[in-house]
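Reminder, nothing fancy here: chain letters follow the sequence lines and each chain counts from 1.
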Protein chains: 2
Amino acid sequence: MANGSANCLFCNNKSVCFNELTDDELKQIEDNKVEILYKKDETIIKQGSFASNIYFIKKGLVKIYIENSDRNLILEIAGKSKMLGLTSLNHTKHYKFSVTALEDIVLCQINVEVINKIMITNQFFNTQVIKSLNSTIEKILDKLHCISHKQLNGRLADALICFSDEIYQNNKFTLNVTRKDLASITNMATENVVRLLKEFNDKKIIKVSGKNIEIINYSALKELSK
Amino acid sequence: MANGSANCLFCNNKSVCFNELTDDELKQIEDNKVEILYKKDETIIKQGSFASNIYFIKKGLVKIYIENSDRNLILEIAGKSKMLGLTSLNHTKHYKFSVTALEDIVLCQINVEVINKIMITNQFFNTQVIKSLNSTIEKILDKLHCISHKQLNGRLADALICFSDEIYQNNKFTLNVTRKDLASITNMATENVVRLLKEFNDKKIIKVSGKNIEIINYSALKELSK
DNA sequence: TAATTTTGCTGATATACATCAATGTTAATA
DNA sequence: TATTAACATTGATGTATATCAGCAAAATTA
């Protein structure tokens with residue numbers, strides 16, 4: 001929970017965003033950031049609260065989700081190098097989503113004013129921030145497309161592909177999320193996640209054993225995704 | 001179709017974005033923009049094409065939608081002062097959506113390089129662009145929430161509230177869209193739009209007569225929206 | 001003006017999916 | 001280690017919503 005002795009200048013977890021900052025700019029960030037450890041299941045960002053900080057994940061996975069009285073919708077499972085809370089760049093805004101830790105997390109919380117300042121002085125950084133915003137838009141558009149146009153098996157296939165290609169970058173992985181979370185990712189009932197995982201397993205598309213999943217027939221998944 | 005004699009300096013359709021530009025900056029835009037007229041049903045942006053321009057709507061309504069082989073999803077009905085195509089700010093990107101005219105449109109097409117240049121020289125403008133990106137994110141998140149959590153009547157209620165509050169800014173309006181479009185907005189079958197409009201009409205929540213709609217019981221709609 | 005296409009409307013039917021209920025299994029806590 | 005709670009699983013049932021079919025009305029085109 002302590003402000004990092006961790007020095008921004010020599011930080012080897014820097015996102016592309018920070019790559020081209022001058023030493024002076026990095027110093028500014030260092031003076032206005034804290035490094036924080038979150039334990040599994042702790043809330044990092046709470047939906048509805050004032051958006052006044054930028055977060056940068058150094059280690060571990062989080063889930064970003066829209067809260068709802070009955071049922072949540074997970075927008076993204078994100079990990080190392082993810083910037084969170086860019087909503088804060090424009091003041092007087094509230095977070096539209098919550099973020100909680102799926103495992104132990106190390107992140108840097110950076111004061112939004114410094115980010116705003118450096119966006120003025122450093123054109124490259126400014127571009128990177130806009131890129132990040134655009135990529136967020138792209139991601140949630142994909143999500144929207146997936147949920148509005150595809151049916152259950154396609155949506156689950158999409159989720160599995162995402163885990164394999166992006167989150168774990170391995171066709172064999174151990175889930176950090178529950179079946180209920182999988183249901184929140186794909187916007188279906190938990191029971192259907194279970195049933196479909198079994199069906200995929202029986203069809204030898206994937207191999208499921210508890211939280212361990214191995215993708216056997218990738219192209220079949222891609223086909224289901226359509 | 002001609003480059004406007006329309007002078008940016010004296011344009012009275014300027015969006016907030018352009019409000020604080022210097023005369024010189026406005027001149028730069030003027031030299032790198034064309035004013036274009038689109039007729040009803042013409043395509044302004046085609047999904048999948050290279051994103052290389054910024055558009056600014058001066059007059060008329062457009063629909064922004066995700067194309068899909070079987071069924072489209074309308075993200076937004078937008079009008080005067082809307083900036084389109086900010087995806088272009090980062091190069092080598094394709095549009096993730098299409099835009100077509102719902103009526104005769106006047107818009108300015110601005111070269112993305114000038115926009116990028118002015119974002120460097122003018123901090124206020126830069127902030128406005130980021131605000132615009134953030135507001136896009138917020139809108140899509142709302143849509144995602146609506147489609148994933150609400151059922152048919154709630155989704156249609158949402159759409160009607162949006163028409164009344166934002167698009168037409170009047171509780172009595174004449175739709176520029178077909179029932180099929182309404183179905184694409186709410187992600188339901190066209191038949192259900194018809195049935196629900198009739199039901200709302202019978203319950204004296206709204207008064208429907210063809211494309212003319214009047215909202216009678218606004219609070220009932222708000223209730224349905226939950 | 002007639003002919004054709006698109007849009008709007010209505011009821012009947014089908015189905016994808018959620019919900020419910022019941023039970024096993026693992027993980028957290030005392 | 002016992003106790004509780006959260007998670008996972010399976011089958012049976014219900015329902016919201018899509019699909020289909022058929023026709024009327026408007027709008028476009030010939």
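Separating the NZ atom of B:Lys198 from the P atom of D:dA25 is a distance of 15 Å, rounded to the nearest angstrom. As rounded to whole Å, 9 Å separates atom P of C:dC17 from atom CG of A:Leu196. Distance A:Leu175 CG to D:dC7 P: 14 Å, rounded to the nearest Å. What separates CD of B:Glu199 from C1' of C:dG11 is a distance of 15 Å, to the nearest Å. Whole-Å rounding puts the A:Ile213 CD1 to D:dA8 C1' distance at 13 Å.
In terms of position along DNA chain C, the nucleotide closest to B:Val208 lies nearer the 5' end than the nucleotide closest to the other residue of the pair A:Asn192 and B:Val208.
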**OP:** Any chance you could list the contact pattern along nucleotides 21-30 of chain C? Use B for base contacts, S for sugar-phosphate-only contacts and - for none, protein heavy atoms under 4.0 Å, 5' to 3'.
**Re:** ----------
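Scored by the ring pair (Phe, Tyr, Trp, His ring centres under 6.0 Å) test, B:Tyr55 finds no partners at all (sequence neighbours excluded). Among residues two or more places apart in sequence or in another chain, the side chain to side chain donor-acceptor pair (under 3.5 Å) test is passed with A:Asp165 by A:Tyr218. B:Tyr65 pairs by the side chain to side chain donor-acceptor pair (under 3.5 Å) definition with nothing, not counting sequence neighbours.
Looking at B:Asn192 and B:Thr190, their side chains never bring a donor and an acceptor atom within 3.5 Å of each other. Side-chain contact annotation: B:Ser225 with B:Asp158, donor-acceptor N/O pair under 3.5 Å present. Side-chain atoms of A:Ser88 and A:Tyr95 include a donor-acceptor pair closer than 3.5 Å.
If you check every strand for non-hydrogen atoms under 4.0 Å, A:Asp70 touches nothing.
Contact between A:Met83 and A:Ser132 at its shortest, heavy atoms only, is CB-OG, 4.5 Å.
Relative to the axis of its first five pairs, the axis of the last five pairs of the helix from C:dT1-D:dA30 to C:dA30-D:dT1 sits at 50°, rounded to 10 degrees.
Comparing atom distances between the B:Val194 side chain and each of C:dC9, D:dA18, D:dT10 picks out C:dC9 as nearest. Nearest to the side-chain atoms of A:Arg179 among the listed nucleotides D:dT9, C:dA18, C:dT10 stands D:dT9. Side-chain proximity of A:Arg71 to the nucleotides C:dT19, C:dT10, D:dT19 is greatest for C:dT19. Of all nucleotides listed (D:dG11, D:dT17, C:dG11), D:dG11 comes nearest to the side chain of A:Arg195.
Listed in residue order, the members of residues 141-160 of chain B having a heavy atom less than 4.0 Å from DNA chain C come to none.
Residue A:Lys211 places at least one side-chain N or O closer than 4.0 Å to OP1 or OP2 of D:dA8.
At a threshold of 4.5 Å between non-hydrogen side-chain atoms, the residues B:Ile137 and A:Leu133 count as touching.
For A:Lys211, the NZ atom sits in a packed shell: over 12 heavy atoms of surrounding residues, nucleotides or ligands are nearer than 6.0 Å.
Screening B:Gln47, B:Lys46, B:Glu67 for a side-chain hydrogen bond (donor to acceptor under 3.5 Å, both in side chains) with B:Ser98, the sole residue that qualifies is B:Glu67.
Between the side chain of A:Arg155 and the backbone N or O of A:Asn187 there is at least one donor-acceptor pair closer than 3.5 Å.
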